[in-house]
Amino acid sequence: MRLRNIPGSREAIAESRFVIQNPEEFRGRWKEVFGNEHPLHIEVGMGKGRFLMELAAGNPEINYVGIEMYSSVLLRAVQKAEQDCEELTNFRLIRMDARDLMAVFAPEEVQRVYLNFSDPWPKDRHAKRRLTSREFLARYEGILDHAGWVEFKTDNKDLFAFSLESVKEKGWKLDAFTWDLHHDEVLNQGNIMTEYEERFSSQGNAICKLMARPQWELIKD
């Protein structure tokens, strides 16, 4: 369940140095935000942020931006970052609706998109809201570098099956996938678990993962 309406959450977010206000102003200029030419990776629907913070701490040569729609959830990430990651310079946060990605990032500005345990939106009429729908894959096409790709993890088998089909229907290349990540010796190498992943796997749920990218040669201008 999403946390909502925590008193003072918007004020705390506005005051944090980790949170980018008015991110549209930096479209095509994210290298200026970080002050370097490093690759840019983003996580859409980052929740409390542990996954992305661990990546940022272990990979100083990459810049990371976490995106979360709900201010009450983003507040938890802000609190964790300010408590545990004050020294990080390659990590920023945005509160925004992921449908607006192309208003915040320019074409070919992002090298990788992470999707972790996204809301499954189980009703058929809400399929377009799923972060692995064809509609969202088109948004990722609008910001991904031509060498970039999307990584997706979930414990929801119905959502994973839907995602595999979306990748196929969109004409993307499926580089790798597994229905049981933690027992896949190749794909599980270097895996960083999210809070949800740790919880679900401890309950005996298999974790699914896919890696996919647009086939640019098939995409017409």
Side-chain angles (χ1 to χ4, degrees), residues 2 20 22-31 33 39-47 51-52 55 62-70 73-74 92-179 187 194 208-221:
R2 297 284 189 184
I20 300 297
N22 303 315
E24 305 86 1
E25 297 177 5
F26 299 102
R27 185 177 187 268
R29 299 170 43 229
W30 282 93
K31 292 179 179 179
V33 172
L40 179 63
H41 295 187
I42 68 173
E43 183 182 6
V44 180
M46 54 161 285
F51 171 82
L52 211 61
L55 277 179
I62 298 173
N63 297 324
Y64 295 91
V65 174
I67 294 166
E68 175 56 52
M69 182 175 179
Y70 298 100
V73 177
L74 184 58
R92 294 292 185 273
L93 302 167
I94 303 174
R95 188 183 72 83
M96 62 173 284
D97 190 320
R99 289 174 292 187
D100 298 326
L101 282 174
M102 289 189 291
V104 171
F105 301 100
E108 300 187 47
E109 193 168 25
V110 175
Q111 282 69 48
R112 197 170 306 175
V113 177
Y114 296 103
L115 310 171
N116 290 311
F117 299 88
S118 310
D119 192 327
W121 293 102
K123 295 182 179 179
D124 289 343
R125 68 176 184 271
H126 293 152
K128 291 182 179 180
R129 300 185 185 184
R130 298 168 190 162
L131 293 182
T132 52
S133 67
R134 284 173 292 171
E135 290 77 12
F136 269 100
L137 294 182
R139 293 181 175 104
Y140 308 143
E141 281 180 359
I143 64 174
L144 273 173
D145 178 270
H146 282 201
W149 68 86
V150 170
E151 295 189 13
F152 171 59
K153 291 194 291 186
T154 184
D155 72 316
N156 188 305
K157 289 182 170 56
D158 289 339
L159 178 60
F160 194 65
F162 168 86
S163 304
L164 291 171
E165 188 63 25
S166 293
V167 166
K168 178 181 178 181
E169 291 177 354
K170 194 70 176 63
W172 279 33
K173 179 177 176 55
L174 184 64
D175 287 322
F177 75 97
T178 178
W179 291 86
L187 290 183
T194 73
C208 308
K209 179 177 180 176
L210 68 79
M211 301 168 63
R213 56 189 168 89
Q215 296 192 78
W216 298 105
E217 65 276 12
L218 302 180
I219 298 174
K220 298 180 179 180
D221 296 333

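Every heavy atom of this structure was used, including side-chain atoms; hydrogens, water molecules and symmetry mates were not. These figures come from a predicted structure and were not determined experimentally.
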Task: From CA spacing to verdict: side-chain contact (heavy atoms from CB on, under 4.5 Å), Val150, Leu115 - done: CA-CA 8 Å; Val150 170; Leu115 310 171; 3.8 Å; yes
TODO: Just do the side-chain contact (heavy atoms from CB on, under 4.5 Å) check on Val104 and Phe26 with the steps written out, would you?
DONE: CA-CA 7 Å; Val104 171; Phe26 299 102; over 6 Å; no
TODO: Start with the C-alpha distance between Trp121 and Leu159, add both sets of side-chain angles, then the distance that settles side-chain contact (heavy atoms from CB on, under 4.5 Å), and finish with yes or no.
DONE: CA-CA 9 Å; Trp121 293 102; Leu159 178 60; over 6 Å; no
- [ ] Tell me, with the steps shown, if Leu164 and Phe177 meet side-chain contact (heavy atoms from CB on, under 4.5 Å).
- [x] CA-CA 9 Å; Leu164 291 171; Phe177 75 97; 4.1 Å; yes
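Using cut-offs of 30° and 60° for the angle between ring planes, the Phe152 and Phe160 rings count as parallel.
A donor atom on one side chain and an acceptor atom on the other are not found under 3.5 Å apart for Trp216 and Glu141.
At a threshold of 4.0 Å, the pair Arg95-Glu68 does not count as salt-bridged, since none of the basic side-chain nitrogens sits closer than that to a carboxylate oxygen.
Taking the centre and axis of the six-membered ring of Phe105, the NZ or CZ atom of Arg27 falls outside the cone set by 45° and 6.0 Å.
With sequence neighbours excluded, the residues that form a salt bridge (charged side-chain N to carboxylate O under 4.0 Å, His left out) with Asp97 are Arg99. Among residues two or more places apart in sequence or in another chain, the side-chain hydrogen bond (donor to acceptor under 3.5 Å, both in side chains) test is passed with Asp175 by Arg213.
Residues Pro214 and Leu144 meet the side-chain proximity criterion, which asks for heavy atoms closer than 4.5 Å. Between Glu25 and Ile20 the shortest side-chain heavy-atom distance does not fall below 4.5 Å.
At most 12 heavy atoms of other shown residues, nucleotides or ligands fall within 6.0 angstrom of atom CZ in Arg134.
Considering every non-hydrogen atom in both Arg139 and Met102, the closest pair reads O-CG, 3.8 Å.
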